[in-house]
Amino acid sequence: MRIHKHSIFLLSAALLLATLLLRPINIPDEARYLSVSVGMWNSGHWWVPTLDGMPYFHKPPLFYWLTGLVYGLSGGCIEAARLVSWAAGLCAMGVLAATMRRHLQHGEQAANWALLFLASVPLWYLGSQYANLDMLVASCISMAVCLLASDLMAPHLRWRIAGYLMMGLGTMAKGLIGFVLPMLVLAPWALWCLGWRSALRLAWIPGWLLVLGVCAPWFTVMESEFPGFAHYFFILHHVQRFASGGFNNVMPWPFYIAVLLVLNLPWTPTLLWLSAKPSQARETGDAARHLQRLALCWVGAITLFFSLPASKLLGYILPVVPGLALAIGPALARQASQGSRWPRALVVLGSVICVAMIFGMNMDGGKSNHTLIKAVAQEWRPGDALVFDNSFTFDVPLMLRLPPPTPVFLDHPMEPQKQDSWRRELVEAAEFAPAQGAKALRPVSDWAQVRCAAPRTWIVYDIQAPMLLTERKGLPVIGRSDRFEAVLFQAPADCKRPQP
């Protein structure tokens, strides 16, 4: 039975949307990036990303712009900001399906099965549910690969322009990988399948001028307004992060192979079977063979690229998944056309696993402070203040909707750490704006002033961190999560009150 392509796409969209709002905001990534985005909408200042009121230059601003708009247009629903990742995933799926329909003899059915695979594979499903930059850049990279590969096989100016535009947007989403990874996939593939003349077409000058036109204005203005930005962004957060091991999440080189094996269940056995018998996935014709080789270059090049650095994060490997869909779609279509039921069974089983993982994450209180936030929100009064004692968690000010900065008391406020941490992020942000940094990062000596600034001050602290604000000792805990606690400090009678 043939199913209309729009029905399959809508079904895939519904599957990815079904559990979007079912879990609280996770820490640290979701809360961090949503804090930046919400801050843009609330302040109306869209050019400079800020974290706790200070410039935050770890990543470019495209995700913050889109997420800030969704947050504002949704009426301030913080969880709805995940729609950016959901929509990005759907865009990549749509372009991949269009590419398969354009070049494969039985492209309609192959594209439909590729969509169902993506909607029911846990790695892609989780990426579409998570409010960080990984799905957005993965989508831009995937669309760029599809559009430019399609143009190389059957030239079309509209596809070519769109491909370079996607590389520019990918760079504005997460940096240089926005164009490095598409070229890393496309250049060897073009040489392998189409010859060196086609590979040289990737050096199309108007296209690269378009990439620069998308990216250069923001990077230029940031370096002009914040000297040292370019070194910080490109050298520290690109070159050094890739080449050195001084960052968090150090993993052995096979890490992403293990991730792909586990988070592609229940599809992993089918993918391994296709690797052993690639002829099972092939249609006849040069275009079909070219797309199968594109899938091989796609998966291999990106997996190898991210396996080289010592620091590895789960979301980095997301751009590989559409390449897997490109490889598996024709094989699933062939099996379904022959009356096999296992492709449909895998879609159902994969969907069940995806939903179960979301509910499992919802039960993991260690990734959220929602119980603490709920308790504090119930007792919060107008005029209350919030401070952090020798710790910081992004979600508490975000979910309480407090304007920045939230004071963070530290033993050495301007001393960064070598490893990635909230402290390193805040200290490095303060270096670009010392005046704002002095308001956000406070020495313990400032507590005498801050303790009298509001009638009631909530103190949030990490139960594993040493105590700096000794006056919180003995106060009853009102809010608690797995790692953080909140107490309420009443301003003492000896505080000087401002004259009316």
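All values reported here derive from a predicted model rather than from experimental measurement. Values reported hereafter were calculated over all heavy atoms of this structure, with side chains retained and with hydrogens, waters and symmetry mates removed.
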Could you walk me through whether Leu314 and Leu263 pass side-chain contact (heavy atoms from CB on, under 4.5 Å), step by step?
-> CA-CA 10 Å; Leu314 186 64; Leu263 288 184; 3.7 Å; yes
Evaluate ring pair (Phe, Tyr, Trp, His ring centres under 6.0 Å) for Trp422 paired with Phe394, printing each intermediate quantity in order.
-> CA-CA 9 Å; Trp422 61 266; Phe394 302 98; 8.3 Å; no
Verify side-chain contact (heavy atoms from CB on, under 4.5 Å) between Val38 and Asn42, making sure each step is shown before the conclusion.
-> CA-CA 6 Å; Val38 169; Asn42 289 337; 3.2 Å; yes
Trace of the side-chain hydrogen bond (donor to acceptor under 3.5 Å, both in side chains) decision for Thr393 with Asn369 | CA-CA 9 Å; Thr393 179; Asn369 291 309; 3.0 Å; yes
Asp52 and Phe392: CA distance, side-chain angles, deciding distance, side-chain contact (heavy atoms from CB on, under 4.5 Å) verdict = CA-CA 10 Å; Asp52 203 26; Phe392 187 77; 4.2 Å; yes
Could you walk me through whether Arg32 and Asp29 pass side-chain contact (heavy atoms from CB on, under 4.5 Å), step by step?
-> CA-CA 5 Å; Arg32 179 199 302 113; Asp29 285 359; 2.8 Å; yes
Audit row: Lys367, Asp482, salt bridge (Lys or Arg N to Asp or Glu O under 4.0 Å) steps and yes/no = CA-CA 9 Å; Lys367 292 294 184 179; Asp482 283 358; over 6 Å; no
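Here the side chains of Met40 and Trp65 are in contact, with some heavy-atom distance below 4.5 Å. Using a 4.5 Å heavy-atom cutoff, the side chains of Met143 and Leu169 are not in contact. You'll find the side chain of Leu210 reaches within 4.5 Å of the side chain of Ile161, heavy atoms only. Annotation: side chain of Ser150 is in contact with side chain of His103 (closest heavy-atom distance under 4.5 Å). Tyr164 is not listed as a side-chain neighbour of Val214, based on a closest heavy-atom distance of 4.5 Å or more. The shortest distance between side-chain heavy atoms of Leu209 and Trp204 does not fall below 4.5 Å. The shortest distance between side-chain heavy atoms of Met93 and Ser139 does not fall below 4.5 Å. Residues Thr303 and Phe306 fail the side-chain proximity criterion, which asks for heavy atoms closer than 4.5 Å.
The CG atom of Leu116 sits 5.0 Å away from the OG atom of Ser12 when rounded to the nearest 0.5 Å. If you take CE on Met135 and CG on Leu126, they are separated by 9.0 Å, rounding to the nearest 0.5 Å. To the nearest 0.5 Å, atoms CG (Asn132) and CZ (Arg82) are separated by 10.5 Å. In this structure, Trp218 CH2 and Leu62 CG are separated by 11.0 Å, a value rounded to the nearest 0.5 Å. Between Trp113 atom CH2 and Glu108 atom CD the span is 13.5 Å, to the nearest 0.5 Å. Atom NE2 of His58 is separated from atom OH of Tyr33 by 8.0 Å, given to the nearest 0.5 angstrom.
Tested against Phe432 for a ring-ring contact (aromatic ring centres under 6.0 Å, His included), the candidates Tyr232, Phe233, Tyr56 yield a single pass: Tyr232.
Between the side chain of Ser85 and the backbone N or O of Tyr130 there is at least one donor-acceptor pair closer than 3.5 Å. Using modelled atom types, one side-chain atom of Glu223 and one backbone atom of Phe229 make a donor-acceptor pair closer than 3.5 Å. Side chain of Ser74 to backbone of Tyr71: a donor-acceptor contact under 3.5 angstrom is found. In this structure a side-chain-to-backbone donor-acceptor pair under 3.5 Å is missing from Asp395 to Ile27. Using modelled atom types, no side-chain atom of Trp196 and backbone atom of Leu191 make a donor-acceptor pair closer than 3.5 Å. Between the side chain of Trp86 and the backbone N or O of Ala81, no donor-acceptor pair lies under 3.5 Å. Within the 3.5 Å criterion, the main-chain N or O of Ile25 finds no donor-acceptor partner in the side chain of Glu30.
Taking each heavy atom of Ala138 and Leu318 in turn, the nearest pair found is CB-CB, 3.8 Å. In this structure, Leu51 and Ser35 approach most closely via the heavy-atom pair CD1-CB, 4.3 Å. For the residue pair Ala429 and Met54, the shortest heavy atom distance occurs at CB-CB, 3.8 Å. Residues Leu17 and Gln129 share a closest heavy-atom pair of N-NE2, 4.4 Å. Contact detail for Phe63 and Leu133: the closest heavy-atom pair is CB-CG, 3.9 Å. Of all the heavy atoms in Val299 and Gly323, the pair that sits closest is CG2-C, 3.9 Å.
For the residue pair Tyr125 and Thr19, a side-chain donor N or O sits within less than 3.5 Å of a side-chain acceptor on the partner.
For the pair Arg293 and Trp189, the cation-pi test (distance below 6.0 Å, angle within 45°) is failed. Under the 6.0 Å distance and 45° angle rule, Arg102 counts as a cation-pi partner of Trp159.
In this structure, Asp151 does not pair ionically with Arg158, as no charged nitrogen and carboxylate oxygen lie closer than 4.0 Å. Under 4.0 Å is where a charged nitrogen must lie from a carboxylate oxygen, and between Glu79 and Arg23 no such pair does.
When the shell of 6.0 Å around CD1 of Ile205 is examined, it contains 12 or fewer heavy atoms from other residues, nucleotides or ligands. Applying the 6.0 Å contact sphere to CH2 of Trp253 captures no more than 12 heavy atoms from other residues, nucleotides or ligands.
Pairs passing the salt bridge (Lys or Arg N to Asp or Glu O under 4.0 Å) check and including a residue from residues 346-361, sequence neighbours excluded, do not occur.
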